[in-house]
There are 2 protein chains.
Amino acid sequence: MELELRTLRYFVAVAEELHFGRAAARLRMSQPPLSRAIKRLETEAGALLFERSSAGVALTPVGVVLLAEARDLLDRAGLAGTRMTAAAGRAVLTVGILGDSGDPDAARLARSYRARHPHVEVRVREAGLSDPTCGLRAGPVDAALTRAPFDGTGLEVREVRADPVGALLRADDPLAGRAGLTLADLAGRDWFRFPDGTDPHWQSYWHGGRPRRGPVVRAVQECRQAVLWNGTVGVTLVGHDPGEGLTVVPLTDMAPSRVVVTWRAGETDPLVRSFVRAAIAAHRA
Amino acid sequence: MELELRTLRYFVAVAEELHFGRAAARLRMSQPPLSRAIKRLETEAGALLFERSSAGVALTPVGVVLLAEARDLLDRAGLAGTRMTAAAGRAVLTVGILGDSGDPDAARLARSYRARHPHVEVRVREAGLSDPTCGLRAGPVDAALTRAPFDGTGLEVREVRADPVGALLRADDPLAGRAGLTLADLAGRDWFRFPDGTDPHWQSYWHGGRPRRGPVVRAVQECRQAVLWNGTVGVTLVGHDPGEGLTVVPLTDMAPSRVVVTWRAGETDPLVRSFVRAAIAAHRA
DNA sequence: CTGCGACGATACCCGTGGGGTATGGGGGAG
DNA sequence: CTCCCCCATACCCCACGGGTATCGTCGCAG
């Protein structure tokens, strides 16, 4: 009898819903694996835990006993976790994100991470667009949720997602109606660009692989202004509302922008490691 | 923080041994996965649980807290299992085995199964050699630990092991000194054989694929007598002491004898299912 | 100082199990 | 009788947990 808490969580969900489908939804999984897990639990227990009939699902007497035990165990397990994290004391984790154009899921990630690690004070530090590492090397940032590519020496980088990119244009631009563009279509235009000294990989990517002329920007708002006022163009993400008077046309010959989580190589702080795990898991879902 | 009991068992083992290698041995696993599991636990916890130094392994203050919590949880989990099985009430499971030539691990299996399911009364019913299903179809046997091949219609069969076989000979037989034999070497001999009506697959296997002449046997002891008194031969398992005056020479052209666990197809009794699982697990180890 | 042994960490591979989707089947309601 | 609801089954696939081999480090002995 090797009970596992995950199985008990499944069992409690079914026992409370008395409906496999709803329990599965509550557990954010599909119904068949749940049925299978319960059946396996019944096998281990050596007794049926639920009475399945056309009238529905009902707990057997053995199931009633297990339900009480399982709830107790799960409560205590939660308490144990809380006590342990309390013993670990408070801690601070500073996460860098990439300005307002950064990952839109960052807030969701921070929330879920805080829920899982209530003892950790998570500080989010927004960097401008011109530093893809968000000051990871120099500053107090412990981990960054940012975008590739950049110079990764001394850092660990793990890709979590890739987003398609497009050209940011004025809505009245001659090219604005096109379904898709190539970099060649934008030849000769002024591009908004990043300050000198910015990571070369980073510049090269957002400039479509070529040096560009045009106004220097440090934040998304400046990009918008540059396009609106000067008619410059530039690369941005598709799928978000570009704002009044602007439009985004997919660039068909540019590699998607890779969202990554990065941290200092050889980092030993478990907080950083757990944040990285959470970030990867959050993006997988 | 999604604690799992297995991880806590690992943690407790390391915390008690203060030595990853010994803890791994106690857990019957190798050391690297254990190190990894502990590291992952530390990551989830957001704190180091052990202080690794050249002096050895020591618990951190957080580890001390978790150790107390973990022991408590594991104890309660064990209790929960006991209460549940108690609630399930007593039950009877009848297991058929294949006479004294059956699986030598059957006793071990029965012991471990009884330990895991103390509420189940396990009755072991020894069949003769002439019924590979041990009366599973007709009789009160719920599951059988036997050997293939036999007619499996209406039964579920799962192989758990395969044993090499050899020829059972008198120690003074001219062939007794050989390191290995083929079926051709035994051509023309009388073989001990099974009664008429015995499962044809079964007969065919033990007779080396050919009809044989010779005395009928129903138990291992009769096989020994047939060989000792009449100079007949037959197929048996290698690796067990054949008894005084007898010897076993490996048969190089016979397929190994497959140990299987079998039960009635469509069986719903969780006891039977759990026994099958236990049997498979026991033989895997 | 250097070779060696002990021990935990790392790298890598593989099989299983737990997750998914698609489908079956049985039992009520209309 | 047909449809629908709902749990079970069948099948696939990837992640993870397990394994072996090897490394890095540190203490110790010669």
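Residue numbers begin at 1 in each chain, while the letters A, B, ... track the order of the sequences.
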Trainee: Rounded to whole Å, please give me the gap between CG in Leu48(A) and P in dC7(D).
Mentor: 15 Å

Trainee: State which of dC7(D), dT20(D), dA9(C) makes the closest approach to the side chain of Ser30(B).
Mentor: dT20(D)

Trainee: Rounding to a whole Å, what distance do you find between Leu34(A):CG and dT9(D):P?
Mentor: 14 Å

Trainee: Quickly work out the Ile280(B) CD1 to dG15(C) P distance and round it to whole Å.
Mentor: 18 Å

Trainee: When the distance from CZ of Arg9(B) to C1' of dG17(D) is rounded to whole Å, what number comes out?
Mentor: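 Going from Arg9(B) (CZ) to dG17(D) (C1'), I get 15 Å.
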
Trainee: Rounded to the Å, how far apart are Arg273(A) CZ and dA9(C) P?
Mentor: 11 Å

Trainee: Kindly say whether the aromatic ring centers of Phe20(B) and Tyr10(B) come within a distance under 6.0 Å.
Mentor: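 Here the rings of Tyr10(B) and Phe20(B) have centres that are no less than 6.0 Å from each other.
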
Trainee: Under the 3.5 angstrom rule, does the side chain of Glu267(A) hit a backbone N or O of Asp269(A) as a donor-acceptor pair?
Mentor: yes

Trainee: Expressed in angstrom and rounded to an integer, what is the separation of Gln31(A) atom CD from dG19(C) atom C1'?
Mentor: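 In whole Å, dG19(C) C1' and Gln31(A) CD are 13 Å from each other.
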
Trainee: Counting only side-chain heavy atoms from C-beta out, which of dG18(C), dC12(C), dG8(C) sits nearest to Arg36(A)?
Mentor: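 When the side chain of Arg36(A) is considered, dG18(C) is the closest of dG18(C), dC12(C), dG8(C).
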
Trainee: Under 4.0 Å between a side-chain N/O of Arg28(B) and OP1 or OP2 of dG18(D), yes or no?
Mentor: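 For dG18(D), OP1/OP2 do not have a side-chain N/O of Arg28(B) under 4.0 Å.
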
Trainee: For Arg277(B) and dT16(C), give me the distance from atom CZ to atom C1', rounded to whole Å.
Mentor: 12 Å

Trainee: Among the nucleotides dG17(D), dT21(C), dA9(C), which one has an atom lying closest to any side-chain atom of Pro32(B)?
Mentor: dA9(C)

Trainee: Looking only at side-chain N and O atoms, does Arg123(B) offer a donor or acceptor that is under 3.5 Å from a partner on Thr94(B)?
Mentor: no

Trainee: Quick one: which of dC7(D), dA9(C), dG20(C) gets closest to the side chain of Arg52(B)?
Mentor: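 Looking only at side-chain atoms, Arg52(B) lies closest to dA9(C).
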
Trainee: Heavy atoms only, 4.0 Å cut-off, all strands: where does Ser35(A) land among base, sugar-phosphate and nothing?
Mentor: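 Result for Ser35(A) = sugar-phosphate.
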
Trainee: For Arg6(A), which contact category applies under a 4.0 Å heavy-atom criterion: base, sugar-phosphate, or nothing?
Mentor: sugar-phosphate

Trainee: Kindly assign one of parallel, tilted or perpendicular to the pair Phe275(B) and Tyr113(B), based on the angle between their ring planes and the thresholds 30° and 60°.
Mentor: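 Phe275(B) vs Tyr113(B) ring planes: perpendicular.
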
Trainee: For Phe50(B), report the nucleic acid contact type (base, sugar-phosphate, nothing); a contact means any heavy atom under 4.0 Å.
Mentor: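 Nothing, no heavy atom under 4.0 Å.
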
Trainee: Which comes earlier along DNA chain C counting from the 5' end, the contact point of Lys39(B) or that of His19(B), where each point is its nearest nucleotide?
Mentor: His19(B)

Trainee: Whole-Å distance between dG18(D) P and Ile38(B) CD1?
Mentor: 12 Å

Trainee: So which heavy atom on Val272(B) is nearest to which on Leu93(B), and how close?
Mentor: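 Heavy-atom minimum between the residues: CG2-CD1, 3.8 Å.
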
